[in-house]
Amino acid sequence: MPIYRAPLDDYRFLFHELFELEKQKDLPGFAELSSDLVDDVLNNAAKFCEEVLQPINRSGDEEGCHFENGVVRTPKGLKEAYQAYCEAGWGGLSAPAEFGGADLPVMLTMAVSEMATSANQSFAMYPGLTSAAYAALIATGAPWMKEHIVPKMISGEWAGTMCLTEPGCGTDLRLMKTRAVEEPDGTYRMNGTKIFISGGDQDLTDNIIHMVIAKIPDENGQTHDDLSTVNFFMVPKFLVGEDGVVGARNGVQTGGIEKKMGIKAQATCVLNFDDAVAWRLGPKPVPGEKKKSMSAGMAGMFGMMNAARMGVGMQGIATGEVAYQNALAYVHERRVGRALSGPAEPDKPADLLIVHPDIKRMLLHCRSFVEGARALAMWTTLNMAVGRSGRPDADTAALLSDLMTPVIKAFFTDMGFEAANLAMQCYGGHGYIRDNGVEQFVRDGRINQIYEGANGVQAMDLVGRKLARKGGAAPIALLQTVGTWLAGNETDALAPFVKPVKRGLDTLQQATMWLAQHGLANPNDAGAAASDYLRLMGIVVVGWMWAEMAKLAQEKLAADPPNAPFYAGKLTAAKYWMERMIPECPMLLERISAGSATIMELD
Ligand SMILES: Cc1cc2nc3c(=O)[nH]c(=O)nc-3n(C[C@H](O)[C@H](O)[C@H](O)COP(=O)(O)OP(=O)(O)OC[C@H]3O[C@@H](n4cnc5c(N)ncnc54)[C@H](O)[C@@H]3O)c2cc1C
């Protein structure tokens, strides 16, 4: 059976040693933070994920969700686990205290969500989407929604969803058909169909608050294939009055659940909105500025999507972590062949799989990705907090975290899937069959590359929007930040880390220049380069994280003998990234600068 142990040592290393959270007193939510509190949260989350969520991961995959007579039932055990999750308060860890949350830094929530996803991705998505939904409601909702609805979502009594996708549109939301028409009382009536809605229906909560985008028809009753009248709405499954009283069932019906490759305990629903009562979110249209303010609530929607993108990036890490752990255990049990340098255990008929260089290569690939990516995710989340803090470095921090969001979503989920696949390879045929459970990680983790904006679209966002915004301020800030750190650490001891990252950074700079010169003249050149460029940026920035961690590990190795194996492991994983991932950079640059001509020849 699959195993899972939460990566507590690594989180302690990141929180207490690398980022020193306890010293970030001037950031919102950090003032009362002590290392004991951080450790308590991590330990309790680990225990919950290992003992409650992981044991129902396999059974949930085998049983799947049920849909009978318009009602969704989740597999055995999910309800009880969800109840326990809510009672422990996990859903409100970083939510504002005024609404019943614990107001702790988002970095802790990210850590908990990684653990929960490794243990049981299907389960973790129900509360994960609820957090994104209540954050959007806090940002854009009316006071009565914050008073009566948000606290119930934070406590987990009610859940939330994100409803964007329709049969005719996923990426291209201009094409959406769902309409919302205003009533004299200021509410709207919504009609249309949304598909692929995660947690769209379930039997875990009494009510579900759907966060929906839809078009408001123009004065002629028409909608158009553009975004000009797309608005953001709240649509409860059961109606809620402004006094908080729950009323009748709203006109939202579940049309079915999808049969799919993975995350089978997660109900992916078709939702039919049939004259559903909807509340428009965001400021009211300003007379005379109608067109501009028609889409006023969309900022809340984009905020929700950005939070969800970071969450999906964490799913990539989580997939890699749990797959790696299981493969590591397996290669210490299975005996196949002999070590190339001579038998490691001559008295046994064969050596353990772990002796083989190619097995070690696959495992180190997973590990150096997972730990490097985790550091980058935490650094980015910290930057988000700095960006909102008003500190002198706030603007740069906001630019950097904004730039990293598509990289984290796409690079981490590509690498997470790669890691799950390599972990399965370590099992040989015993990974492909179901008995050992590693194939579930491959199936579950595959969706991460697709939803929340498919990875190709994330790359287009990076290249098409984020690079050029504010005169290229974000890539300039990144190149300067990494370049300054490298220049300040050119010691002999750090040369094996600083020199490769510097080479990678030079290629990133050249690729950025190439895009600036060619992308505007020929947009196909930018489109053809986008995915390679995103991967290049991911490799370089994770490489920089590894250089920083290697510096710390070198210092601690001598100073902290009891933990020497931990720091030695860090140095090995750091060297792997430098020797095996950074060399991809010149190859990616060559591919980027090949342009789009050949690619566009495909008819
Ligand atoms: C299990 C599951 C759960 C989901 N959960 C939710 C949810 O909770 N809420 C929700 O709203 N949606 C959800 N989705 C939908 C998901 O977000 C979409 O499937 C995704 O955004 C892609 O849209 P699409 O499937 O329509 O693909 P399409 O938009 O048809 O795209 C197909 C492919 O073309 C690529 N592509 C599209 N446009 C471009 C372009 N301009 N340049 C380059 N490449 C392009 C895309 O990257 C993609 O690879 C879920 C989907 C699944 C399968």
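FYI, side chains are in, hydrogens and waters are out, and symmetry mates aren't considered; it's all heavy atoms of this structure. All ligand and atom numbering here is 1-based and tracks the order in the structure.
- For the pair G456 and ligand 1, the shortest N or O to N or O distance does not fall below 3.5 Å.
- Between atom 49 (O) of ligand 1 and the options P167, G168, A454, the minimum heavy-atom separation is to A454.
- Taking only nitrogen or oxygen atoms, main chain and side chain alike, T268 does not reach within less than 3.5 Å of ligand 1.
- For the ring pair (Phe, Tyr, Trp, His ring centres under 6.0 Å) condition, the pairs that include at least one residue of residues 111-139, sequence neighbours left out, are Y85-F123.
- Taking all heavy atoms of A459, C269, S122, G170 into account, the minimum distance to atom 23 (O) of ligand 1 is reached by G170.
- Which parts of ligand 1 touch M162 is read off a 4.0 Å heavy-atom cut-off, strictly below it: atoms 7 (C), 8 (O), 9 (N), 10 (C), 11 (O).
- Every N/O-N/O distance between Y451 and ligand 1 stays at or above 3.5 Å.
- Residue D172 places no N or O, backbone or side chain, under 3.5 Å from any N or O of ligand 1.
- Taking the side chain as every heavy atom from C-beta outward, M314 and T117 never approach each other to under 4.5 Å.
- Cation-pi geometry between R280 and F233 is not satisfied (NZ or CZ under 6.0 Å from the ring centre, within 45° of the ring normal).
- Considering T171, T161, I213, L129 only, the shortest heavy-atom separation from atom 27 (O) of ligand 1 involves T171.
- In summary, the atoms of ligand 1 found under 4.0 Å from a heavy atom of L164, numbered by their order in the structure, are 10 (C), 11 (O).
- Side-chain polar atoms of D218 and Q222 form no donor-acceptor pair below 3.5 angstrom.
- Between the side chains of N524 and S596, no donor-acceptor pair of N or O atoms lies under 3.5 Å.
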